[in-house]
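This report concerns only the one structure given below.
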Amino acid sequence: MKIRISSFYNLLFIAALLGCLVAPAQAVDIESVLNTAYDKYRNLEEGANADYIPALAKVDPELFGIVLVTVDGKVYSVGDVTSEVSIQSISKVFTMAKVMEESGPDAISDNMGVDATGQVFNSIVAIEQYKGQQMNAMVNPGAITATSMVKGKTGEDVWKSIIGTYDDFAGRKLSVLEDIYKSEAETNQRNQALAMLMYAYGRIETDPLVATDVYTRQCSVGVNARDLAMMAATLANGGKNPVTGKQVIGSDIVPEVLAVMATAGLYDDSGQWLFRTGLPAKSGVGGGILAVSPGKFGIAAISPPLDPAGNSVRAQKSIADISNALCGNPYDPVPEGSCGSK
Ligand code: GLU
């Protein structure tokens, strides 16, 4: 169809039409998206606290909080965002990031690998299958190995470097929840065995029991939902904490960090999660989950009851709803603001 532009009014009409087509969709009210998800899931009574680490069974199962931090440093929150739980497996992301920062991403892919194992997170079979390779730093053998690769002369040096990195990601000083550490240290014989095997295959080159102890400490660090969301937002913002402004890791390694999270962040349900949200994420048996929408926001939720795969039930559901309402899926090619109907 040919449009004849014959008058000023025709031009005006076309301009108005174009304006309509390209005008940004009405800004989504992030606060109300968070509130809606919180109200929808706060009374959901599914799942159970992890209890293989005895202290985790005692954490209040009703604790529920959600925080979203945008890459320009705006913080949105709902529910309990001050109570701390142990970071657990979520710590694996930030220790791996530290190793990549110090030694390059290939140090990780060349040592334990960056592949999904198809086995549970503390599988001995997964080590045996490929002699400690072709796994990843989100499962326990790979994670303890990553801890052993952080530079430092002694275990104490390595620990200080790790906790300092977490502090920078979170934008505040974090500390160990001693009751969790004690409980896990008394019951972590399986992790000691995993570390010994990784040592036997030459993947760990330092004292494997020291590495396991530092790993146990890193898993016992206390975090609230705001801390986790800030850590996620730092990744979303190219490694720079959006509130403190500190460049914590180089932006060049963020894609590799996110790729490993996408591959193996939610245990055996990592594929399910990616299918539903497209978000690189990591969960922990303490009940936290954080997720990253690159260039947009970091989001986290804490709720201790876990599903059979070991992922927080309320945290998964609320983060998925919120991200989908805010067009957080990096694989979604639809224009900004028009994906909220999912
Ligand atoms: N510290 C826990 C362990 O090693 C972490 C497990 C998890 O959160 O997946 O068993």
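First listed ligand is number 1; within each ligand, the first listed atom is number 1.
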*Per-atom contacts of ligand 1 with G284, taking only distances under 4.0 Å to non-hydrogen atoms*: 8 (O)
*asked:* Please list the nearest protein heavy atom to atom 7 (C) of ligand 1 with its residue and the distance rounded to 0.1 Å.
replied: S89 OG, 2.7 Å
*Ligand-side contact atoms (ligand 1) for residue partner V285, heavy atom cut-off under 4.0 Å*: 6 (C), 7 (C), 8 (O), 9 (O)
*What residue and heavy atom of the protein are closest to atom 9 (O) of ligand 1, and at what distance?*
Y267 OH, 2.3 Å
*Top protein contact for atom 5 (C) of ligand 1, by heavy-atom distance*: Q88 OE1, 3.3 Å
_Close side-chain approach of Q316 and R276, heavy atoms under 4.5 Å_ = yes
_Quick check for you: to the nearest 0.5 Å, what is the distance between I322 atom CD1 and L279 atom CG?_
11.0 Å
*For atom 1 (N) of ligand 1, grab the closest protein heavy atom and report residue, atom and distance to one decimal in Å.*
E184 OE2, 2.4 Å
*Could you tell me the residue and atom name of the protein heavy atom closest to atom 6 (C) of ligand 1, and the distance to it rounded to 0.1 Å?*
Y52 OH, 3.2 Å
_What I want to know is whether S283 and ligand 1 share at least one N or O pair that is separated by under 3.5 angstrom._
no
*R314 side chain to Y41 main-chain N or O, any donor-acceptor pair under 3.5 Å?*
yes
*asked:* Check whether Y267 forms a cation-pi arrangement with K282 (NZ or CZ under 6.0 Å from the six-membered ring centre, at most 45° off the ring normal).
replied: yes
*How are the rings of F64 and Y38 set to each other: parallel, tilted or perpendicular (split at 30° and 60°)?*
parallel
*asked:* Would N122 count as a contact residue for ligand 1, given that I'm defining contact as a non-hydrogen atom of the residue lying under 4.0 Å from a ligand atom?
replied: no
_Atoms in ligand 1 with a heavy atom of Y215 nearer than 4.0 Å_ = 1 (N), 2 (C), 3 (C), 4 (O), 5 (C)
*Do R190 and E184 sit within salt-bridge range, that is, some charged N less than 4.0 Å from a carboxylate O?*
no
*C219, any N or O under 3.5 Å of ligand 1 N or O*: no
*Sidechain N-carboxylate O distance under 4.0 Å for K182, E178*: no
*If you measure from each non-hydrogen atom of N188 to ligand 1, which part falls under 4.0 Å: side chain, backbone, both or neither?*
neither
*Side chain, backbone, both or neither: which part of I90 comes within less than 4.0 Å of ligand 1 when only heavy atoms are counted?*
neither
*Considering only NZ, NE, NH1 and NH2 on the basic side and carboxylate oxygens on the acidic side, decide whether D213 and R217 come within less than 4.0 Å.*
yes
_Distance alone, cut at 3.5 Å: any donor-acceptor contact between the side chains of N188 and Q192?_
yes
